[in-house]
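The structure appears right after this line, and notes come after that.
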Amino acid sequence: MTTTTGPTAAVRRATDAPPLITEADLPPARHFIDGKFVDGSTQQAIDVVDPSTENVIARIPEATVEDIDSAVAAAVSAKEQWALRVPKDRSEVLHAVADRLAEHTDLLVRLESANTGKPLAVSRDDVAMTIDTFRFMAGAVRATTSLAAGDYAEDHLSVILREPLGVVGVITPWNYPLLMAAWKIAPILAAGNTLVIKPSEQTPLTTLKFAELVADLLPPGVVNVVNGYGAVAGARLAEHPDVDMIALTGSVNSGRAVARAAADTLKRVHLELGGKAPVVVFEDADLAATASSLRTGSFWNSGQECGAACRVLVHESVAERFVEQLVGEVRSLVVGEPTSGEDVEVGPMVSKAHFERVTGYLERAKAEGVRVATGGGALDGPGYFVAPTVLVDVPEGAEVAREEIFGPVVTVETFADEEEAVRRANDVPLGLSASVWTENARRSHDIAARLDFGTVWVNSHLVLAGEVPWGGFKGSGYGRDLSIYALDDYSRTKHVMHNHGR
Ligand code: NAD
């Protein structure tokens with residue numbers, strides 16, 4: 001195996017391609033409150049940057065506490081009527097939303113790639129799953145199951161009602177702006193709640209476009225979008241006395257801040273936080289298939305993925321062979337601007353700050369003696385590109401093997417036996433997802449059961465479906481996105497008991 005110490009990939013540029021978006025494609029740079037786009041209460045604005053080119057593509061208003069309060073007031077006014085709609089009616093609205101998004105797929109794909117630098121294939125997948133999430137929730141809300149009504153105490157009939165919570169505050173991250181919004185909006189509306197969503201200040205464009213596209217399909221106040229920073233707008237949503245639940249997808253630190261802010265009102269909290277997914281490769285695994293799966297499992301969305309297969313633990317007897325195959329895959333990844341081709345697999349980091357965070361991890365790892373098998377640093381700008389990287393000889397407990405880097409970086413450690421594999425895989429504060437690679441069915445079941453993660457794949461990684469839940473254990477938070485479990489999370493049960501003794 002050849003070892004390189006510097007970046008190997010070059011960024012493919014789109015020299016003659018037309019720009020991804022024009023002025024006409026942009027949503028209104030305003031807040032969306034009570035069914036209308038409105039100006040904020042101040043003139044303060046936030047730059048929205050294309051991370052492939054570093055150009056400012058829009059400026060959106062920065063919300064104050066008053067802007068959040070007026071959005072919450074709109075959601076409160078709308079909640080009674082929306083909650084009274086029968087499931088069939090809400091379901092039809094969600095299907096209409098899905099249809100409308102489907103009609104504008106191309107626009108949403110281009111906007112998402114312009115704002116995040118995502119390869120077009122990733123944005124296309126995001127939009128397809130966004131639409132599917134609305135369709136799934138539209139169907140699921142009509143087919144919920146629960147304890148049957150009946151007599152469980154003598155002469156007393158128990159009826160279980162499933163009710164909406166009221167107003168849900170939603171805070172979303174920059175890595176899947178539209179998709180994470182859909183994972184919240186669809187079940188929250190299906191369950192009969194109204195909502196106020198604050199997208200990431202870095203990536204508000206597709207959430208605002210969503211509001212623009214579906215404004216005529218939803219009663220005013222049912223969905224409100226307010227732009228702004230977490231520390232002001234997000235914090236106000238989390239503490240607001242009229243918000244009944246706060247749902248965040250974001251980092252562990254933001255999760256802590258939101259849970260603290262929510263504590264005074266004792267509102268419900270739903271947290272989808274970071275991940276550091278171990279990939280446990282046994283000596284009997286199909287090594288070529290494993291390496292080839294990690295091409296997407298680790299590098300999808302340029303590694304800015306909470307479920308990314310970022311921490312390989314491989315049996316020592318096959319480690320060298322496996323690393324060689326993995327490096328072969330990683331070296332052939334196509335890095336580029338979204339406009340430079342349909343085959344681009346890895347784009348830039350979302351922002352300068354995040355680029356510096358990722359390259360900082362790489363610099364410190366190298367200084368600590370971790371060996372770079374490929375990649376290892378920044379690629380030439382403009383844009384915040386980092387070379388797809390494999391780090392080997394990573395000692396147990398190294399920073400890069402414990403903390404979420406959230407970039408195109410895979411670390412490789414080795415283990416001697418099953419006990420060590422399980423112990424080390426679980427030895428991280430996060431518990432979102434993991435995978436096990438082996439041809440032995442007994443072993444795969446046993447190890448999967450012992451891994452402390454909300455999703456465990458066997459001989460696969462990062463495959464998701466609307467029917468199955470997504471969410472973490474430990475520092476990755478609590479609550480479930482997707483599936484009927486999300487519908488449960490966004491509603492409450494009430495027991496009504498009738499004494500019918502005579
Ligand atoms: P982030 O926590 O910086 O920001 C997420 C959102 O929280 C943003 O809208 C931000 O404005 C807001 N926020 C920040 N501080 C806040 C505060 N004090 N109060 C209220 N809101 C606040 O995260 P990010 O950098 O945008 O996204 C990356 C993180 O998200 C990663 O850790 C990743 O693992 C996680 N993530 C998790 C999942 C999942 O399903 N578990 C999915 C995607 C991303």
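All values below were derived from every heavy atom in this structure, side-chain atoms included, with hydrogens, water molecules and symmetry-related copies excluded. Both ligands and their constituent atoms are indexed starting at 1 by order of listing. One is the number of the first residue; the rest follow in order along the sequence.
- Using a 4.0 Å cutoff on heavy atoms, Ser200 counts as a contact of ligand 1.
- Close approach of ligand 1 to Val258 (heavy-atom distance below 4.0 Å) involves ligand atoms 19 (N), 20 (C).
- No hydrogens or angles considered: nothing links the side chains of Lys118 and Thr116 as a donor-acceptor pair under 3.5 Å.
- Annotation: Asp481 places no N or O atom under 3.5 Å from an N or O atom of ligand 1; distance criterion only.
- Nearest protein neighbour of atom 40 (O) of ligand 1, counting heavy atoms only, is Trp470 NE1, 2.9 Å.
- Partner of Leu333 under the side chain to side chain contact (heavy atoms under 4.5 Å, CB included) criterion, chosen from Val346, Thr296, Val344: Val346.
- Protein heavy atom nearest atom 18 (N) of ligand 1, with residue, atom name and distance: Ala257 CB, 3.4 Å.
- Residues Arg162 and Asp488 are paired through a salt bridge, judged by an N-O separation under 4.0 Å between the basic side chain and the carboxylate.
- Near Gly274, meaning under 4.0 Å from any of its heavy atoms, are these atoms of ligand 1: 32 (O), 34 (O).
- Of all atoms in ligand 1, numbered sequentially from 1 with element shown, those under 4.0 Å from a heavy atom of Leu432 are 41 (N).
- Considering only non-hydrogen protein atoms, atom 12 (C) of ligand 1 sits nearest to Ile171 CG2, 3.4 Å.
- Contacts with ligand 1 closer than 4.0 Å are made by no heavy atom of Tyr176, backbone or side chain.
- Looking at Ser251 next to ligand 1, an N or O pair under 3.5 Å apart turns up.
- The side-chain hydrogen bond (donor to acceptor under 3.5 Å, both in side chains) search around Asn193 returns none, not counting sequence neighbours.
- Shown in contact with Asn175 at under 4.0 Å from a heavy atom are these atoms of ligand 1, numbered in order with element: 43 (C), 44 (C).
- Of all the heavy atoms of Thr249, the ones lying under 4.0 Å from any atom of ligand 1 are found in both the backbone and the side chain.
- Under the 4.0 Å criterion applied to side-chain N and carboxylate O atoms, Arg268 and Asp244 are not assigned as salt-bridge partners.
- Ring orientation note: the planes of Trp183 and Trp470 are nearly perpendicular, at an angle over 60° on the 30°/60° scale.
- By the 4.0 Å N-to-carboxylate-O rule, Arg402 lies too far from Glu399 to be salt-bridged with it.
- A donor atom on one side chain and an acceptor atom on the other are found under 3.5 Å apart for Tyr176 and Glu305.
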Discussion item. Is there a side-chain hydrogen bond (donor to acceptor under 3.5 Å, both in side chains) between Ser113 and Ser123? Walk through the geometry before answering.
Written reply: CA-CA 6 Å; Ser113 283; Ser123 293; 2.8 Å; yes
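- Between Phe406 and His354, the angle of the ring planes goes over 60°, which puts this pair in the perpendicular group of the 30/60° scheme.
- Looking only at heavy atoms of the protein, atom 39 (C) of ligand 1 is closest to Cys306 SG, 3.2 Å.
- For atom 28 (C) of ligand 1, the nearest non-hydrogen atom of the protein is Phe406 CE2, 3.6 Å.
- Only the side chain of Leu248 comes within 4.0 Å of ligand 1, counting heavy atoms alone; its backbone N, CA, C and O stay farther away.
- Contact annotation: Gly472 has no heavy atom less than 4.0 Å from any atom of ligand 1.
- Scanning all protein heavy atoms for the shortest distance to atom 8 (C) of ligand 1 gives Thr172 O, 3.3 Å.
- Residue Leu273 has at least one nitrogen or oxygen atom sitting less than 3.5 Å from a nitrogen or oxygen atom of ligand 1, judged on distance alone.
- When the heavy atoms of Gly250, Gly477, Gly230, Pro173 are ranked by distance to atom 35 (C) of ligand 1, first place goes to Gly250.
- For the residues Glu404, Gln304, Glu201, the heavy atom positioned nearest atom 10 (C) of ligand 1 is part of Glu201.
- At least one test fails for Arg30 against the ring of Phe32: distance under 6.0 Å to the centre or angle within 45° of the axis.
- A donor-acceptor contact closer than 3.5 angstrom is absent between the side chains of Thr172 and Lys198.
- Ranking the protein heavy atoms by distance from atom 25 (O) of ligand 1 puts Trp174 NE1, 2.6 Å first.
- What sits closest to atom 15 (N) of ligand 1 on the protein, heavy atoms only, is Ser254 OG, 3.4 Å.
- The residues Asp106 and Arg110 are annotated as salt-bridged, a charged nitrogen and a carboxylate oxygen being separated by less than 4.0 angstrom.
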